[in-house]
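Report on one structure; see the data block that follows.
The model shown is predicted, which means the values in this text are computed figures rather than measured ones. The sequence lines fix the lettering, A, B, ..., with proteins before strands; numbering per chain opens at 1. The figures that follow rest on heavy atoms only: side chains count, while hydrogens, waters and symmetry mates do not.
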2 protein chains.
Amino acid sequence: MIETQTFPPPGGSPPHPPELTDENLDRVFFALSDPVRRAILARLGGGRFLVSELAEPFDISVQAVSRHIQVLVRAGLVQQERTGRISRCRLEVGPIYAAAVWINQYSEYWQAQFDSLADWLGKIEARKPTPGKTGKRTRTTPTKTGEER
Amino acid sequence: MIETQTFPPPGGSPPHPPELTDENLDRVFFALSDPVRRAILARLGGGRFLVSELAEPFDISVQAVSRHIQVLVRAGLVQQERTGRISRCRLEVGPIYAAAVWINQYSEYWQAQFDSLADWLGKIEARKPTPGKTGKRTRTTPTKTGEER
DNA sequence: TATATAATCAACAGATCGGTTGATTGTCAA
DNA sequence: TTGACAATCAACCGATCTGTTGATTATATA
């Protein structure tokens with residue numbers, strides 16, 4: 001049996017990028033796996049927003065967006081500051097940074113095939129829009145009862 | 001309403017890192033959100049493995065692992081070569097690269113707080129183990145019926 | 001040929017996800 | 001005080017997720 005491995009962050013070092021525990025990675029990657037949540041993060045890249053403001057672009061209820069935000073909060077990707085009846089949300093990039101660290105474990109494998117990330121990022125810099133927005137919810141993970149057999 | 005945005009890859013450019021469509025990102029991030037699947041990817045970093053070999057370290061059935069692998073295949077992270085009754089699995093890093101590209105959209109936000117990714121990666125280089133292994137399945141996304149109220 | 005093996009398919013169970021509507025809580029303002 | 005508003009809670013529904021066991025398919029092999 002493979003044992004749990006927590007991949008500790010380096011000694012004293014920067015502020016505090018979250019630890020790369022399995023649980024943290026689960027929550028972060030899961031939070032990123034939904035287009036609505038990614039769109040919310042993209043909005044939050046531009047500053048702070050109320051829940052109602054974040055909900056406005058979507059066709060779903062405010063309650064549904066509120067729960068998406070809670071998923072982001074549990075993943076550490078969003079922090080909420082409650083003042084009175086309003087709740088202002090802001091982006092917290094630490095977990096994204098942690099995810100980047102995890103992903104870059106595989107950079108050695110793609111270096112053979114692709115440009116270094118920096119190179120490709122440099123190439124797309126020119127046409128770079130604001131971070132990814134999204135559209136309708138179209139369930140993307142196929143149904144369990146197989147379709148390609 | 002925010003419209004779907006596909007963030008096309010640059011002109012001719014490298015081999016073919018998968019497009020950053022919402023659907024692709026959904027599948028890739030979802031595939032990465034499970035510790036068993038991440039452990040399988042880590043194993044596959046070391047070469048090609050049979051399904052039965054990949055299943056061996058886990059406490060779950062071969063069938064369950066087979067379905068995890070199918071999730072990885074649908075995300076484009078694993079390719080299977082069937083020869084006879086055996087199916088050899090290998091890592092495909094294109095989608096991980098694509099995920100890295102998406103994540104690096106946020107690098108501008110973490111540059112203020114943290115080291116550049118390259119810097120931190122350099123720091124942990126010394127203690128770098130093989131990519132993340134995992135342990136038991138402990139559902140990490142909490143139950144819907146709220147706990148913090 | 002008969003049998004063991006690799007892998008998947010199929011059906012099921014229990015938990016979770018993502019949406020809904022309605023109620024509740026708490027704050028602001030007329 | 002009363003009412004509007006921001007946000008969450010709560011219960012529900014249908015679909016999906018992850019595991020199970022048993023059957024099936026297809027290939028090796030004794």
| Distance, rounded to the nearest Å, where B/Arg67 contributes CZ and C/dC9 contributes P | 10 Å
| field | Length of the line joining B/Asp59:CG and D/dT18:P, which is rounded to integer Å | value | 17 Å
| remark: Value for CD1 (A/Ile40) from CZ (A/Phe58), rounded to nearest 0.5 Å, stands at 5.0 Å
| request: With a 4.0 Å heavy-atom cut-off, tell me which residues in residues 75-82 of chain A come close to DNA chain C, sorted by residue number. | output: none
| Mutual orientation of the aromatic rings belonging to B/Phe29 and B/Trp102 [parallel < 30°, tilted 30-60°, perpendicular > 60°] | perpendicular
| remark: Those residues at least two apart in sequence (or on a different chain) that pass side-chain hydrogen bond (donor to acceptor under 3.5 Å, both in side chains) with B/Gln80 are B/Ser87
| query | Between C/dC17, C/dT21, C/dC9, which nucleotide gets closest to the side-chain atoms of A/Gln63? | reply | C/dT21
| message | In whole Å, I'd like the distance from the NE2 atom of B/His68 to the P atom of C/dC9. | response | 16 Å
| Nucleotide of C/dA7, D/dC9, D/dT20 approaching B/Leu50 most closely (side-chain heavy atoms) | C/dA7
| field | Spacing between A/Asp26 atom CG and C/dT16 atom P, to the nearest angstrom | value | 14 Å
| said: Counting the atoms with a prime plus P, OP1 and OP2 as sugar-phosphate, which does B/Gln70 contact under 4.0 Å by heavy atoms, base, sugar-phosphate, or nothing? | reply: sugar-phosphate
Between the protein and nucleotides 26-30 of chain D, which nitrogen or oxygen pairs are less than 3.5 angstrom apart?
unit_1	atom_1	unit_2	atom_2	d
D/dT27	O2	B/Arg85	NH1	3.1
D/dA28	O4'	B/Arg85	NH2	3.4

| message | For B/Leu54 and B/Arg43: C-alpha separation, side-chain torsions, deciding distance, then whether side-chain contact (heavy atoms from CB on, under 4.5 Å) applies. | response | CA-CA 8 Å; B/Leu54 291 172; B/Arg43 265 318 265 302; 3.9 Å; yes
| Partners of B/Ala31 by side-chain contact (heavy atoms from CB on, under 4.5 Å), sequence neighbours excluded? | B/Arg37, B/Val71, B/Leu72, B/Ala75, B/Leu77
| request: Give the rounded distance in Å between these two atoms: CZ of B/Arg74 and P of C/dT8. | output: 12 Å
| B/Gln63: partners by side-chain contact (heavy atoms from CB on, under 4.5 Å), with sequence neighbours left out | B/Ser61
| field | Phosphate OP1/OP2 of C/dT8 contacted by B/Ser66 side-chain N/O (<4.0 Å) | value | yes
| request: With sequence neighbours excluded, tell me which residues meet side-chain contact (heavy atoms from CB on, under 4.5 Å) with A/Ser52. | output: A/Leu50
| request: Can you see which heavy atom on B/Ala98 is nearest to which on B/Leu20, and at what distance? | output: O-CD2, 3.2 Å
| query | Just checking B/Ser61: base, sugar-phosphate only, or nothing, at a heavy-atom cut-off of under 4.0 Å? | reply | base
| Gap between atoms CG and P, on B/Leu54 and C/dT8 respectively (whole Å) | 10 Å
| request: Round to the nearest Å and state the distance from A/Ile69 atom CD1 to D/dC9 atom C1'. | output: 15 Å
| said: Restricting to side-chain hydrogen bond (donor to acceptor under 3.5 Å, both in side chains), what partner residues turn up for A/Arg90, sequence neighbours left out? | reply: A/Gln79, A/Glu81
| Euclidean distance, atom CD1 of residue B/Ile60 to atom P of D/dT21 [Å, nearest integer] | 12 Å
